[in-house]
Asker: 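Quick one: the structure is below, questions incoming.
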Amino acid sequence: MIIYREFTFDSAHFLPNVPEGHKCRNMHGHTYKLKVYFEGSIDNEQGWVMDFAEIKQKIGNIIDLVDHKTLNEVPGLENPTCERLAVWLWEKIKAELPLLTKIKLDETPTSGVIYRG
């Protein structure tokens, strides 16, 4: 069974490695939408794959590291493209919740990334 949970967070960033004149070289912000997927068997006793409250708590702690922050100042996110942010989030989440199988990170309502590790 696959379960999922969605989160949102707001962050500012700039992309230092894009060419001069590219609009993303300037500081700007996004409301990111993160959707995390977990796969496993239903526990016979509990009746669930994972406790949604546990997911919320553990991922909430990770999101706190980037929410209302300048991503470029977060260690490991010096060039915080959507793709690099997805990998960074994956590594943090997977360490806490090993049943993670996929994340979807939307940078805008019309663009984002899907990452499966």
Asker: Within a strict 4.5 Å, meaning less than it, do heavy atoms of the Arg84 and Asn79 side chains meet?
Answerer: yes
Asker: Quick check: do Leu100 and Ile59 have side-chain heavy atoms less than 4.5 Å from each other?
Answerer: no
Asker: For the backbone of Asn26 and the side chain of His28, can you confirm whether one donor and one acceptor N or O come within less than 3.5 Å of each other?
Answerer: yes
Asker: Using a 4.5 Å cut-off on heavy atoms from C-beta on, say whether the side chain of Leu89 contacts that of Tyr32.
Answerer: no
Asker: Are the side chains of Val87 and Glu91 in contact, using a 4.5 Å heavy-atom criterion?
Answerer: yes
Asker: Counting N and O atoms only, with roles assigned by atom type, does the side chain of Arg25 sit under 3.5 Å from a partner on the main chain of Val18, one being a donor and the other an acceptor?
Answerer: yes
Asker: Which pair of non-hydrogen atoms, one from Cys82 and one from Gly112, has the smallest distance, and what is that distance?
Answerer: SG-CA, 4.2 Å
Asker: Show me the pairs that pass side-chain hydrogen bond (donor to acceptor under 3.5 Å, both in side chains) and involve residues 33-44, at least two apart or across chains.
Answerer: none
Asker: Taking C-beta and beyond as the side chain, do Arg5 and Met50 meet within less than 4.5 Å on heavy atoms?
Answerer: no
Asker: Do any N or O atoms from the side chain of Ser11 and from the backbone of Leu71 form a donor-acceptor pair under 3.5 angstrom?
Answerer: no
Asker: Kindly indicate whether the side chain of Ile62, heavy atoms from C-beta on, has any atom under 4.5 Å from the side chain of Trp88.
Answerer: yes
Asker: Working to the nearest 0.5 Å, report the span between CG of Asp10 and CG of Asp67.
Answerer: 6.0 Å
